[in-house]
Amino acid sequence: MRPYIKMYFYGRDTRPPLVQRIVPNGETGLCFYRGNKVTYCGVGEVGSCFASQTMHYIDIKAHGGIEIVGAHFTVLGARMFLPAPLNEYTNRILSVDDVGLGELERHVMEAATADECWGRMDSFFLQSLIRNDADEINLRRLHRAISYGIGHLDTVRIGDVATEACLSERQLGRLFSSFVGLSPKDYLRLQRYHKTLADMKSCRADNVTLSEIAWRNGYYDLSHFSSDFRKISGYSSSRLLDISENDGDEVGWRI
């Protein structure tokens, strides 16, 4: 499952923070809230959901204790399990029934333990892969495009990414939005944001200016840099450094 599912997760907290902010990272997630529901601000109360691609943060409000189990997909993984191209879901929090995963929700809710939840999810996704033929050629092209883009975040041009994948820019855009749910440009903007934030953290104790960090990550002026940080995280870069608690977080989207 590794090419398609980054990780399964489980969490239980009898006294969770009232609000938790989720910052996009170019990947998607499936969440089952066992017990109390939560409120996704701007969406409403949620029991189980598929969190699609977006360029904006979202705040989640708890109503008492929570128990959550779910899956975090790789950047190209979710397309293998959903009935429609990923761009049809962009900027939406969808019920599991809307993405054809209502049966999986029932299996997860009936499970007694986290391990049993993960086992049922694994079995469900494996059966889905058996039924669905992977578009291996285009998956390889997109993997190549993503790898090249991430390796050249400071200078990347979409035309060069398309060339690396042996596609025209138009073909790349169509395939990318179908498999990922974002345009190549927006996806790479998210990767640049996360790389820049990581650089800011690692250089915090050194004598490196914010302008220098922004410049070497491809931000050609601080206005562009500040705009991206506020749009994606809702915070200024300095405020984000002060409150960020996701150092070492494998997923890297929690604040």
Side-chain angles (χ1 to χ4, degrees), residues 1-14 16 20 22-38 40 46-54 58 60 62 65-90 92-143 146-147 178-182 187 246 248-254:
M1 301 302 294
R2 190 173 296 277
Y4 311 108
I5 296 178
K6 188 171 184 178
M7 63 182 290
Y8 295 132
F9 59 86
Y10 174 84
R12 186 172 182 272
D13 194 339
T14 57
Q20 185 174 43
I22 304 299
V23 175
N25 71 344
E27 297 168 354
T28 56
L30 183 63
C31 302
F32 302 101
Y33 291 94
R34 290 156 48 97
N36 290 329
K37 296 182 179 181
V38 298
Y40 280 63
V46 170
S48 297
C49 67
F50 172 73
S52 69
Q53 295 283 17
T54 184
I58 188 166
I60 301 175
I66 62 170
E67 182 181 13
I68 181 174
V69 62
H72 189 75
F73 298 103
T74 62
V75 62
L76 298 174
R79 181 66 186 92
M80 304 306 299
F81 308 110
L82 302 186
L86 265 289
N87 56 302
E88 294 191 16
Y89 306 126
T90 303
R92 298 170 66 190
I93 302 295
L94 298 111
S95 75
V96 289
D97 287 326
D98 288 339
V99 293
L101 297 176
E103 179 186 351
L104 177 58
E105 178 186 29
R106 290 189 290 276
H107 292 324
V108 169
M109 294 304 183
E110 291 169 358
T113 65
D115 284 341
E116 187 178 347
C117 288
W118 296 335
R120 294 187 178 198
M121 292 164 70
D122 221 29
S123 177
F124 181 91
F125 289 131
L126 282 170
Q127 289 300 314
S128 296
L129 286 178
I130 291 170
R131 292 192 299 267
N132 299 330
D133 293 329
D135 187 349
E136 294 291 350
I137 292 176
N138 283 325
L139 281 173
R140 285 198 295 270
R141 286 171 169 166
L142 290 173
H143 274 298
I146 290 168
S147 179
S178 174
F179 277 82
V180 178
L182 294 170
Y187 174 78
N246 64 354
D249 185 340
E250 183 179 351
V251 178
W253 39 246
R254 289 183 284 268

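Residue indices begin at 1 and follow the sequence shown.
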Closest non-hydrogen atom pair, [X] against [Y]:
X: Pro16; Y: Ala62; answer: CG-CB, 3.7 Å
X: Gly26; Y: Val180; answer: O-CG1, 4.4 Å
X: Tyr89; Y: Ser52; answer: O-OG, 2.7 Å
X: Gly47; Y: Lys37; answer: CA-CG, 3.9 Å
X: Pro24; Y: Thr54; answer: CB-O, 3.2 Å

Flag side-chain contact, heavy atom, 4.5 Å: [X] against [Y]:
X: Asp122; Y: Tyr8; result: yes
X: Leu76; Y: Ile146; result: yes
X: Tyr33; Y: Ser48; result: no
X: Ile93; Y: Phe50; result: no
X: Val96; Y: Phe32; result: yes
X: Cys31; Y: Phe9; result: yes
X: Met109; Y: Cys117; result: no
X: Asp135; Y: Phe179; result: yes

Apply the test side-chain contact (heavy atoms from CB on, under 4.5 Å) to residues Phe73 and Leu30: give CA-CA distance (whole Å), side-chain angles for both, the deciding distance (0.1 Å), then the verdict.
CA-CA 8 Å; Phe73 298 103; Leu30 183 63; 4.0 Å; yes
State whether Arg120 and Glu116 are salt-bridged, where the test is any N-O pair (Lys NZ or Arg NE/NH1/NH2 against Asp/Glu carboxylate O) under 4.0 Å.
yes
Is there a side-chain contact (heavy atoms from CB on, under 4.5 Å) between Ile5 and Thr74? Walk through the geometry before answering.
CA-CA 5 Å; Ile5 296 178; Thr74 62; 5.9 Å; no
Of all pairs that satisfy salt bridge (charged side-chain N to carboxylate O under 4.0 Å, His left out), the ones with a partner from residues 95-105, not counting sequence neighbours:
none
Backbone N or O of [Y] within a donor-acceptor pair of the [X] side chain at under 3.5 Å?
X: Thr90; Y: Gly181; value: yes
X: Arg92; Y: Glu88; value: yes
X: Asn132; Y: Met80; value: yes
X: Arg34; Y: Ala111; value: yes
X: Thr28; Y: Ala51; value: no
X: Ser128; Y: Phe124; value: yes

Starting at OG of Ser95, measure out to CG of Leu101 and round the result to the nearest 0.5 Å.
9.5 Å
Rounded to the nearest 0.5 Å, the CD atom of Glu27 sits from the CE atom of Met7 at a distance of 10.5 Å
Would the Tyr4 and Phe125 ring centres measure less than 6.0 Å apart?
no
Polar side chain donor-acceptor pair, Tyr10 to Glu67, under 3.5 angstrom:
yes
Can you check side-chain contact (heavy atoms from CB on, under 4.5 Å) on Ser178 and Asn87, steps first, answer last?
CA-CA 5 Å; Ser178 174; Asn87 56 302; 4.3 Å; yes
Could you check whether atom CD1 of Ile137 has more than 12 heavy atoms from other residues, nucleotides or ligands sitting under 6.0 Å from it?
no
CA sep, side-chain torsions, deciding dist, call: Tyr187, Asn25, side-chain contact (heavy atoms from CB on, under 4.5 Å)
CA-CA 8 Å; Tyr187 174 78; Asn25 71 344; over 6 Å; no
